[in-house]
Amino acid sequence: MKTLRFTKMHGLGNNYIYVNMFQETILEGDLASLAVAVSNPYTGIGSDGLILICPSEMAPVKMRIFNNDGSEAKNCGNGLRSVAKYAYENSIVNETEFKIETLGGLVTAKLSLDEENKVNSVTVNMGNPILVPDQIPVKGFSHKDTIIDESVSFAENELKMTAVSMGNPHAVFFVDNIEEAPLHSLGPIIEKDPMFPDWVNAEFVEMVSDKEMHFQVWERGSGITQACGTGACAAAVAAILNKKAERDTDITVHLAGGDLIINWHSSGDVYMTGPAEVICTGEYVIR
Ligand SMILES: N[C@@H](CCC[C@H](N)C(=O)O)C(=O)O
């Protein structure tokens, strides 16, 4: 019987099965089906996907993220905070500030420790948002530099969209009342609209003030989740682009699973601060 040691962790309820690839081996061709299998709440462990904590040639550690449909994404904000906590608490790194490689590039994580030397919060410099339509990517806007408050239609619903990539693509829609956001009805339709060649993460945002917002997400490849770190970064960037918030200012994003603090510095970098938690560890039986 072949088994795989895992740690289940979450960042504000956005939960993944983490596998330490410094110790475990999984064939590349098995990764997508393994992500689907471990994520299944009935026959697997139950999660939003699978995250691999891997050796890197450019940094002390590399993150690979697979959604629960088996698709691989280039970035995951909640995953980065969890990988940072895991790497420190399992002595993969000994520093409290270090780089993490992602398919979207290098990011820097800075840890806050409690009195027992456990990581209670992580700030990640997520780098510059990508705003160029062809690079997000979004079709039909090649003639523009950015997509800010543009009229779009999904299933005959007219919406105003701001599009941002944080290494992965996000479509942000501001609403007057988050309780009435069409997350269930339009989330899956927006995700796979032909306008988005790589599909998209869809976020609905209600501004509370210029420093606070409510947020709901339909994640590409995973559906509704409790939180999305890259989505919270994209939402804060979108709020600033729409002049609803300001740079160099902490913005509190209220997600279903709790709060993240996002700050888009005038240097261009977006900073995300929030917690990460271990749920359990175990051995998964591979069939
Ligand atoms: N939950 C994540 C994002 C995970 C990847 C995303 N679903 C995608 O396919 O781009 C986060 O915290 O950022």
Side-chain angles (χ1 to χ4, degrees), residues 8-18 31-32 35-36 38-39 46-53 62-86 100 102-105 107 109 121-127 129-130 135-138 163-172 183 187-188 190-193 196-205 215-238 253-262 270-277 279:
K8 185 173 180 180
M9 300 182 76
H10 79 95
L12 302 175
N14 187 201
N15 61 95
Y16 294 92
I17 305 306
Y18 290 79
L31 288 170
V36 174
V38 297
S39 300
S47 67
D48 294 324
L50 171 70
I51 291 186
L52 306 180
I53 302 167
K62 173 178 176 179
M63 176 186 76
R64 288 184 69 187
I65 147 88
F66 295 81
N67 293 308
N68 66 21
D69 71 351
S71 59
E72 185 168 15
K74 287 189 178 164
N75 205 358
C76 176
N78 293 318
L80 284 168
R81 298 197 314 284
S82 297
V83 168
K85 177 181 172 78
Y86 183 99
I100 303 176
T102 71
L103 291 187
V107 302
S121 168
V122 183
T123 298
V124 184
N125 177 350
M126 302 286 285
I130 297 163
Q135 292 175 18
I136 293 174
V138 186
V164 176
S165 168
M166 292 302 308
N168 56 349
H170 296 269
V172 180
L183 187 69
I190 296 169
E191 177 196 10
K192 293 183 181 163
D193 189 279
F196 307 110
D198 294 347
W199 298 356
V200 81
N201 298 285
E203 283 96 18
F204 294 95
V205 173
F215 171 102
Q216 291 185 351
V217 63
W218 179 279
E219 279 199 36
R220 176 178 69 166
S222 290
I224 294 173
T225 63
Q226 294 277 292
C228 179
T230 50
C233 294
V237 168
V253 182
H254 301 298
L255 307 104
D259 292 352
L260 283 174
I261 307 296
I262 310 294
V270 180
Y271 288 77
M272 169 194 64
T273 301
E277 303 286 347
I279 299 169

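Read the numbers this way: they start at 1 and go in the same order the structure lists the ligands and their atoms.
- Distances shorter than 4.0 angstrom occur between a heavy atom of N14 and an atom of ligand 1.
- The proximity of C228 to ligand 1, defined as any non-hydrogen pair under 4.0 Å, involves the side chain as well as the backbone.
- With a 4.5 Å cut-off on side-chain heavy atoms, I51 and Y86 do not count as touching.
- Put simply, part of N75 is less than 4.0 Å from ligand 1, judged by heavy atoms.
- Side chain of N201 to backbone of H170: no donor-acceptor contact under 3.5 angstrom is found.
- The part of N168 lying near ligand 1 is the side chain, judged by heavy-atom distances below 4.0 Å.
- Judged by distance alone, with hydrogens and angles left aside, the side-chain atoms of S82 form no donor-acceptor pair with the main-chain N or O of A276 at under 3.5 Å.
- Residues Q226 and L255 come closest through the heavy atom pair O-CB, 3.7 Å.
- Ranking protein heavy atoms by distance to atom 13 (O) of ligand 1, first place goes to T230 OG1, 2.6 Å.
- Among all protein heavy atoms, the one lying closest to atom 6 (C) of ligand 1 is N201 OD1, 3.3 Å.
- The protein heavy-atom contact nearest to atom 4 (C) of ligand 1 is E219 OE1, 3.2 Å.
- Side chain of N67 to backbone of R220: a donor-acceptor contact under 3.5 angstrom is found.
- N168 and T230 share a donor-acceptor pair across their side chains, judged by distance under 3.5 Å alone.
- Checking side-chain atoms of D48 against main-chain N and O of Y16 turns up no donor-acceptor pair under 3.5 Å.
- Annotation: atom 2 (C) of ligand 1 to nearest protein heavy atom, C76 SG, 3.2 Å.
- Contact between G221 and ligand 1 is absent, with no heavy atom of the residue lying under 4.0 Å from the ligand.
- The residue F66 has no part lying near ligand 1, judged by heavy-atom distances below 4.0 Å.
- Scanning all protein heavy atoms for the shortest distance to atom 12 (O) of ligand 1 gives G229 N, 2.7 Å.
- The minimum heavy-atom distance linking I262 with A232 is given by the pair CG1-O, 3.9 Å.
- The contact set between ligand 1 and G77, taken as ligand atoms under 4.0 Å from a residue heavy atom, comprises 11 (C), 12 (O), 13 (O).
- Close contacts between ligand 1 and N78 involve ligand atoms 11 (C), 12 (O) [criterion: under 4.0 Å to a heavy atom].
- Residues M126 and N75 form a side-chain contact, since some pair of their non-hydrogen atoms from C-beta on lies under 4.5 Å apart.
- Of the possible donor and acceptor atoms, none in the side chain of E203 sits under 3.5 Å from a partner among the backbone N and O of F215.
- Taking every heavy atom of Y16 and a limit of under 4.0 angstrom, the matching atoms of ligand 1 come to 1 (N), 2 (C), 4 (C).
- Near A73, meaning under 4.0 Å from any of its heavy atoms, are these atoms of ligand 1: 5 (C), 8 (C), 9 (O), 10 (O).
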